[in-house]
Engineer: 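Just dropping this structure here.
Just the heavy atoms: all of them, side chains too, but no hydrogens, waters or symmetry mates, feed the values below. Index from 1, following the sequence.
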Amino acid sequence: MSNIPMPLLGKSLEDTLGIRTLPAREDGLAEAELVVTERCCQPFGMVHGGVNLALAENLAGHGSMRICAPGESVCGMHVSGSHVAPAPLGSTLHATARLIHRGRKTHLWNVDITCGDTLVSTVRVTNFIIRPQE
């Protein structure tokens, strides 16, 4: 895993939204949970689509950092999602990111976000791999 300092750890969007990254089971797979609180909702009491995208990009970033070489870091390059079901205030979202492509310069992830057995969103995330200057 990369050893790049992370000065915003504990002060980031991840912390603001309450995203909890789960321990890694294997490379190429990452999981997280998020409880839908008032700060995550749109005015009708359902999770905001932007929260789903933030959850997916954050999780794919964690997954990429686990497989990067020392000194490399990750930057989200493209995020595209489809929201297919609502998740109400108080529910728990579970996100699973699976690595689709591991290139030298990019990683492509598919992230499925569920609430119980219901698919809430499916998201594709492309991460750019930043290499140290040689």
Side-chain angles (χ1 to χ4, degrees):
M1 183 173 173
S2 179
N3 57 0
I4 298 290
M6 292 188 268
L8 295 181
L9 197 61
K11 304 173 195 168
S12 65
L13 181 63
E14 178 176 19
D15 299 301
T16 300
L17 294 176
I19 298 170
R20 187 171 69 89
T21 304
L22 302 174
R25 291 190 282 153
E26 60 187 82
D27 283 349
L29 180 72
E31 296 177 288
E33 290 182 339
L34 176 132
V35 174
V36 179
T37 63
E38 289 177 350
R39 72 177 44 173
C40 299
C41 286
Q42 38 87 313
F44 300 105
M46 301 294 169
V47 70
H48 191 287
V51 170
N52 290 334
L53 296 177
L55 172 59
E57 184 175 3
N58 185 80
L59 183 57
H62 276 281
S64 284
M65 286 303 294
R66 285 191 198 124
I67 59 176
C68 279
E72 292 179 338
S73 60
V74 174
C75 181
M77 191 171 153
H78 183 82
V79 180
S80 176
S82 295
H83 310 300
V84 296
L89 177 67
S91 62
T92 299
L93 300 178
H94 183 86
T96 302
R98 287 182 174 77
L99 184 65
I100 304 299
H101 168 76
R102 181 180 180 172
R104 285 182 348 101
K105 295 182 180 181
T106 61
H107 295 165
L108 177 64
W109 294 85
N110 190 76
V111 183
D112 285 335
I113 301 171
T114 58
C115 182
D117 292 332
T118 303
L119 180 66
V120 173
S121 291
T122 187
V123 183
R124 280 283 169 111
V125 179
T126 305
N127 286 329
F128 182 72
I129 309 308
I130 302 168
R131 298 186 125 87
Q133 298 294 335
E134 298 181 27

Engineer: Identify whether M65 and L108 are in the same connected component of the hydrophobic contact network (ILVMFWY, side-chain heavy atoms under 4.5 Å).
Structural biologist: no
Engineer: Compare all side-chain heavy atoms of H107 with those of V74 and state whether any distance is below 4.5 angstrom.
Structural biologist: no
Engineer: Apply side chain to side chain contact (heavy atoms under 4.5 Å, CB included) to I130 and list each qualifying residue two or more places apart in sequence or on a separate chain.
Structural biologist: S73, C75, F128
Engineer: Considering all heavy atoms of both residues, which atom of A85 and which atom of T118 are nearest to each other, and what is their separation?
Structural biologist: CB-CG2, 3.7 Å
Engineer: Nearest heavy-atom pair of W109 and S64: which atoms, and what distance?
Structural biologist: NE1-OG, 2.9 Å
Engineer: Under the side chain to side chain contact (heavy atoms under 4.5 Å, CB included) test, which residues partner P86, sequence neighbours left out?
Structural biologist: M46
Engineer: I need the minimum non-hydrogen distance between C40 and L17, along with the two atoms involved.
Structural biologist: SG-O, 3.8 Å
Engineer: My understanding is that a hydrophobic cluster links ILVMFWY residues whose side chain heavy atoms are under 4.5 Å apart, including indirect links. Using that, what else belongs to the cluster containing V84?
Structural biologist: L119
Engineer: Go through the structure and list residues passing side chain to side chain contact (heavy atoms under 4.5 Å, CB included) with A95, not counting sequence neighbours.
Structural biologist: L55, L59, V111, I113
Engineer: Are K105 and I129 side-chain neighbours, meaning at least one heavy-atom pair lies under 4.5 Å?
Structural biologist: no
Engineer: In Å and rounded to the nearest 0.5 Å, what is the OG1 to CG distance from T37 to L89?
Structural biologist: 7.5 Å
Engineer: Share the residues that join V35 in a hydrophobic cluster, the rule being Ile, Leu, Val, Met, Phe, Trp or Tyr side chains under 4.5 Å apart at the heavy-atom level.
Structural biologist: none
Engineer: Would a distance-only check, ignoring hydrogens and angles, find a side-chain to backbone donor-acceptor pair under 3.5 Å from R131 to R104?
Structural biologist: yes
Engineer: At what distance, to the nearest 0.5 angstrom, does CZ of R124 lie from OG of S82?
Structural biologist: 11.0 Å
Engineer: With salt bridge (Lys or Arg N to Asp or Glu O under 4.0 Å) as the rule and sequence neighbours excluded, what pairs involving residues 22-34 come up?
Structural biologist: R20-E33, R25-E31
Engineer: For T122, check side-chain hydrogen bond (donor to acceptor under 3.5 Å, both in side chains) against everything at least two apart and list the hits.
Structural biologist: D112
Engineer: Should I100 and L53 be counted in the same cluster of Ile, Leu, Val, Met, Phe, Trp and Tyr side chains packed under 4.5 Å apart?
Structural biologist: no
Engineer: Do L93 and V120 make a side-chain contact, defined as non-hydrogen atoms from C-beta onward lying under 4.5 Å apart?
Structural biologist: yes
Engineer: Got a sec, which residues hit side chain to side chain contact (heavy atoms under 4.5 Å, CB included) with T16, two or more places apart in sequence or on another chain?
Structural biologist: R39
Engineer: Taking the side chain from S91 and the backbone from P88, do they hold a donor-acceptor pair closer than 3.5 Å?
Structural biologist: yes
Engineer: Nearest 0.5 angstrom please: H101 NE2 to N110 CG, how far?
Structural biologist: 14.5 Å
Engineer: Looking only at atom types and distance, does a side-chain atom of N52 sit under 3.5 Å from a main-chain N or O of V47, one as donor and one as acceptor?
Structural biologist: no
Engineer: Cluster partners of L29, using ILVMFWY side-chain heavy atoms under 4.5 angstrom, listed by chain and number?
Structural biologist: none
Engineer: For residues H83 and S121, report the shortest heavy-atom separation together with the two atoms involved.
Structural biologist: ND1-OG, 2.7 Å
Engineer: Please lay out, stage by stage, how I67 and L99 fare under the test side chain to side chain contact (heavy atoms under 4.5 Å, CB included).
Structural biologist: CA-CA 10 Å; I67 59 176; L99 184 65; 3.7 Å; yes
Engineer: With sequence neighbours excluded, what pairs up with R98 under the side-chain hydrogen bond (donor to acceptor under 3.5 Å, both in side chains) test?
Structural biologist: none
Engineer: Restricting to non-hydrogen atoms, name the atom on V36 and the atom on A87 that form the minimum distance, rounded to 0.1 Å.
Structural biologist: CG1-O, 4.3 Å
Engineer: Considering non-hydrogen atoms only, spot the tightest contact between A60 and N127 and give its length.
Structural biologist: O-ND2, 3.2 Å
